[in-house]
Protein chains: 2
Amino acid sequence: MITIKDIAKKAGVSITTVSQVLNQKEIGIKKETKERILRIAEELDYKPNYLARGLITKKTNTLGLIIPDITNPFFPQVVRAIEDTGNHRNYNIILCNTDNNQKKEKLYLEMLQKKYVDGIILTSSTRTTEEHGLLLEKLKLPLVLLDRAAASPFDFPSVYTCGYQGVMLGVNYLLKQGHRKIAYLSGPETSLVGKERLEGYMAALQNVGITVNPQLIYYGDYKAETGEKGITELLEKDRNFTAVMAANDLMAVGAMRSIKNRQLKVPEDISVLGFDNIQISRLIDPALTTIHQPSYEMGKMATDMLIRLIEGKKLEKRQVILKPELLIRESVAERKSQPSP
Amino acid sequence: MITIKDIAKKAGVSITTVSQVLNQKEIGIKKETKERILRIAEELDYKPNYLARGLITKKTNTLGLIIPDITNPFFPQVVRAIEDTGNHRNYNIILCNTDNNQKKEKLYLEMLQKKYVDGIILTSSTRTTEEHGLLLEKLKLPLVLLDRAAASPFDFPSVYTCGYQGVMLGVNYLLKQGHRKIAYLSGPETSLVGKERLEGYMAALQNVGITVNPQLIYYGDYKAETGEKGITELLEKDRNFTAVMAANDLMAVGAMRSIKNRQLKVPEDISVLGFDNIQISRLIDPALTTIHQPSYEMGKMATDMLIRLIEGKKLEKRQVILKPELLIRESVAERKSQPSP
DNA sequence: TTGTATGCGTTATCAC
DNA sequence: GTGATAACGCATACAA
């Protein structure tokens, strides 16, 4: 590989001069020598060694990105936004999948630190416990939490969409369409996100004086399969609900399959409402009415925040909470009569 | 940050000894000092600086991964496989999206080179022209082509699934189900992959003595929207086809939507067959019969190959061509009669 | 069994 | 205007 030394030799100048020219820090360098150096660098096809540079400047122009699983259709959009935004500002990203495994997350965090990334965007596997928070603080690295709120004793910068509001939006819409018995396909009881969305469901019902019926709640794991399974179980317990809201689109899609398999129709017999607005949701039939999460914007904002932190600037807001939106498509109908028994 | 110097000082030894212990190269170091060093490193929470190390060893344990767009549902699986495989072997990956933009691809290649990644996996935007091939050769970096064959004058290692065989498999199946007029939603005429698959379609028909009817071919861009548009146009030209094969699942899904919108039924009126087996395909209704591309395996093999190259080992095969498989689900039916006019 | 010295490629400091 | 030289943190040949 060509180094500045090679250029210096060929140009008959010192490496200092070469370095200055190449970094546009020409406090005072003859136009002539400058052009000669530039020309020679071009000729030799010189490529600066970012490792060496980083060793001194303490900057790698690389961001760490830790998510549960890129295979989860919610993430590609987010990741794409982060990569785009980073790329515009001259940052590359290292992608890490944790599978919601705490140990993997910890290993990745350490690795990224060793590689001297300039900052990290983290969709954490676990709720930020005392221990976990301390671990993150110990990193001494700019950090932005994505799709997760920072747990109380800590206040890491974070950007996420309000799940409580989102589900409430959805349930309110179902109520407005005349539905009274509304089932809910929840995420795991243990997950923060799952809990928050569940609370939105309960609050929306209670707001209009409906008592929450635990028989109408099923706890899944955000995958299509548990959506199917959930509907099956719910229908066995109580066939009287006319609508179901899912904590994410994938479960909603599973629910639709399961409903259809029983010769029931969506939305005529049972209305289905999702959450996330992943790509699939508009491609299935009937197209899924859902709560849109601005995932590209989330990724973009998280990256912008992170870069501000890296540059030592202050953040206007440490917690950015984005608003979900109701996206009406075809999977919810007005309740006109009692469902068939 | 803690360095080996700090540890050396605290342990009362030289940095050489510390370095040796930390790198398990203990040609002969007293158990006692070794344990002391290890303990102190632990206490101080020492994290080796990979930049400094890489500067000497010329290894970063980082791989570059260049794809068109992670948002394309074909890629998350592949990327996941690459990340998994890399991670097992202690490599991280830098993700880059080119949007099939040659200029972006070139910029990423240069950047990765400057960052001294150990190797690159590339799903190139362009067919490997003379110029492009030379550019890749000039990198002097281990490189594996993914989902693309190496164009003739060059023979970069590559792994991909045979599209010709895949489409042929699909069309043969349709023929076996009694279909004779089979439409085809192709990729762009300009793309190598698109061309290869199209040739599979034509060959399959010609094999049984059917003349290819250009009126039954539509050139799209692999997106769901062009699948819809394609079907619309095809139906306007000639309503007599009983089956349609798409060059990818997304277009097939679009086709299904379009067919249903015309009050026709899949598969009773028109059978639909896809290609890729992306996640969506099994979630829609009817579930899409498709040609399965082993995407996880592709990613895994590409990574294994790349790491072999990095380690200076010989490759058993430079071109790995994986076999596609027919995956029968619900979107293809036997042709019993002429379709409704 | 351990330490000294050198170099990796760059930027930064300061002298000329 | 330009050039020595130190420093970044680490690995390693060689010396002790």
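Side chains included, hydrogens not; waters and symmetry mates left out as well; all remaining heavy atoms used.
- The main-chain N or O of A/Y91 is never found under 3.5 Å from a side-chain atom of A/N61 such that the two would form a donor-acceptor pair.
- Rounded to whole angstrom, the span from the NZ atom of A/K9 across to the P atom of D/dG3 amounts to 15 Å.
- Rounded to whole angstrom, the span from the CG atom of B/N23 across to the C1' atom of D/dC10 amounts to 9 Å.
- For C/dG3, the OP1/OP2 oxygens have no side-chain nitrogen or oxygen of B/T16 closer than 4.0 Å.
- Using modelled atom types and a 3.5 Å distance limit, the side chains of A/S19 and A/T16 yield no donor-acceptor pair.
- In this structure, CD of A/Q20 is placed 10 Å from C1' of D/dG3, rounded to the nearest angstrom.
- Computed from coordinates, the A/L44 CG to C/dG9 P distance equals 14 Å when rounded to whole Å.
- If you measure from atom CD1 of A/I56 to atom P of D/dT5, you get 17 Å, rounded to the nearest angstrom.
- Across all strands, B/I15 comes closer than 4.0 Å to base atoms (heavy-atom distances).
- One atom, CD1 of B/I37, and another, C1' of C/dT2, lie 10 Å apart when rounded to the nearest Å.
- The phosphate of D/dT2 has OP1 or OP2 within less than 4.0 Å of a side-chain N or O from A/T33.
- The side chain of A/N49 contributes no N or O atom lying less than 4.0 Å from OP1 or OP2 of C/dC8.
- Comparing A/K47 and B/R36 against DNA chain C, the residue whose closest nucleotide sits nearer the 5' end is B/R36.
- Under the side-chain hydrogen bond (donor to acceptor under 3.5 Å, both in side chains) rule, B/R80 has a single partner from A/D69, A/N72, A/T71, which is A/D69.
- In this structure, of D/dG9, C/dT11, D/dG3, it is D/dG3 that holds the atom nearest to the side chain of A/V13.
- Nucleic acid contact class of A/Y46 (heavy atoms, under 4.0 Å, all strands): sugar-phosphate only.
- Between B/E32 atom CD and C/dT1 atom C1' the separation is 12 Å, expressed in whole Å.
- Under a 3.5 Å cut-off, the side chain of B/K300 and the backbone N or O of B/T85 do not form any donor-acceptor pair.
- One finds no side-chain N or O of A/K34 lying less than 4.0 angstrom from the OP1 or OP2 phosphate oxygen of D/dG1.
- Here D/dA11 is the nucleotide among D/dA11, D/dC8, C/dG9 with the atom lying nearest to any side-chain atom of B/R53.
- Contact annotation: A/S14 side-chain N/O to D/dG3 OP1/OP2 distance is under 4.0 Å.
- When only modelled atom types and interatomic distance are considered, B/E105 and B/T98 share no side-chain donor-acceptor pair under 3.5 Å.
- Straight-line distance from the NZ atom of A/K115 to the P atom of D/dC10: 16 Å, rounded to whole Å.
- The base of C/dA12 is not paired with the side chain of A/S19 by any donor and acceptor separated by under 3.5 Å.
- Both B/T17 and A/T57 lie close to DNA chain C; mapped to their nearest nucleotides by heavy-atom distance, the more 5′-ward contact belongs to B/T17.
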